[in-house]
Amino acid sequence: MSNSKIADAKLADAGRLRIEWAESRMPVLMHLREAGKKDLPLKGMKVAGCLHVTKETAVLIRTIRAAGAEVSWSGCNPLSTQDDVAAALAAEGTSIYAWHGLSTEEFYWCIDKTLEMKPTLTLDDGADLIFRVHDRYKDLAKDVIGGTEETTTGVHRLRAMGRAGKLLYPVIAVNDSETKWDFDNVYGTGQSSLDGVLRATSILIAGKTVVTGGFGHCGRGVAERARGLGASVIATEIKPTQALKAILEGHRVMPMDQAARLGDVFITATGMKDVLVGRHFDVLKDGAVICNTGHYDCEINIGELEARAKGRRTVRPNCEEFTMKDGRRIYLLAQGRLVNLAAAEGHPSEVMDMSFSNQYLALCKLAKEGKTLGKKVYQLPPELDQEIAGVKLTTMGVAIDKLTPEQVTYASDYSAGT
Ligand code: RBV
């Protein structure tokens, strides 16, 4: 029996079904699993992972184990663990420490338990585990060949560490692969965030004004899907180019101080703290819904919301009503944590297929070449994106054109003109 702490072992059958469902929609990763079973590219590796315990992550974990590695896992957000999936993973011998709704103290306890295996590879979403190694368990770092990071927020933090010369081992920024950020961050976040809002509120989106805090890849995805459901979108931004893109996509752009008076639903996706604060809560419409889909729960300043409320109650799962002193009601979803993972099931399997294929290939690369790399943040080679996208297209039954030899010559001929 593996070492694990989960909510309820009896949920394993339900979890297995969910994982099988995801496997049926993740053909690229399953293809890599079949190859890995033969070549065992992770043989002898010990992988400590800290990433949302979802059905898609379970498919990744099974793939890592099939490639010969030992795994120890924790969730990377207190509200994102799917307890049935955790139970299924524990039942099949994965060492896993994760349950839904754990406290901050328990969150770090889980990470610390996974580090007892003395990993040779670390895998992060948000960089909490790798920071733990760097802060508290520096002596473990000498045995770590390398680490991977799944998300924008984590990559920002690790790049800052790399620049300051503080990284103790090489890290691959999985987020920065085109087959990750251009799909997961846009279509994954777009659909799953709206899914979270709908499950938590069941409101009609058509005719509403949806405000996206930020118009990066995630904000753009949310804006597109909200528009698709009939909302009119306002985007807030700090970066002129992003603001321009939002305008040219047909959305309105204005400072949050103005948008706060107009929005019905607010979805923050910036990676920055204090996007919605007290002065915004003072002017929100009665009935406004606020939530966050960025990695950390600092985008909505909940302390300032609490300070202004004369009452609060949970009205639906993941939906808390705050009554302001003047009687207006504001609805906070999923405690300001990632609404797509806390109130829904995270990104759909089809996009995670590509994200987690990148994760798996990054681990394989580190296992093979990590010892020759510097203590920096690396990206996967862009050719790999074409390979992953190529397999994805094949599994979708889509064929594309190939350049003819004449076209190849043309492409490199700088003398050709009019
Ligand atoms: N994310 N994972 C899932 N279904 O397992 N959904 C979202 C899932 C990841 C996504 O890749 C994003 O970068 C990260 O969660 C944010 O924490």
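These figures come from a predicted structure and were not determined experimentally. Note that ligands are numbered from 1 as they come in the structure, with each ligand's atoms numbered from 1 the same way.
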Neighbour count >12 (heavy atoms, 6.0 Å) for atom CZ, Arg316 | yes

Lys245 and Glu237 ion-paired at < 4.0 Å = no

Charged N to carboxylate O below 4.0 Å: is that the case for Asp128 and Arg132?
-> no

Is the side chain of Asp353 donor-acceptor paired with the backbone N or O of Leu29 at a distance under 3.5 Å, no angle test?
-> yes

Using the six-membered ring wherever Trp is involved, compare the ring planes of Tyr169 and His134 and label them parallel, tilted or perpendicular (cut-offs 30° and 60°).
-> tilted

Protein residues that have a heavy atom under 4.0 Å from any atom of ligand 1, sorted by chain and number = His52, Thr54, Glu56, Thr57, Asp125, Glu150, Thr151, Lys180, Asp184, His295, Leu341, Glu345, Gly346, His347, Met352

For residues 143-151, which side-chain donor-acceptor pairs fall under 3.5 Å, sequence neighbours excluded?
residue : atom : partner : partner atom : Å
Thr148  : OG1  : Gln359  : OE1          : 2.7
Glu149  : OE1  : Gly126  : N            : 3.2
Glu149  : OE1  : Ala127  : N            : 3.0
Glu149  : OE2  : Gly126  : N            : 2.8
Glu149  : OE2  : Thr151  : N            : 2.8
Glu150  : OE1  : Gln359  : NE2          : 3.1

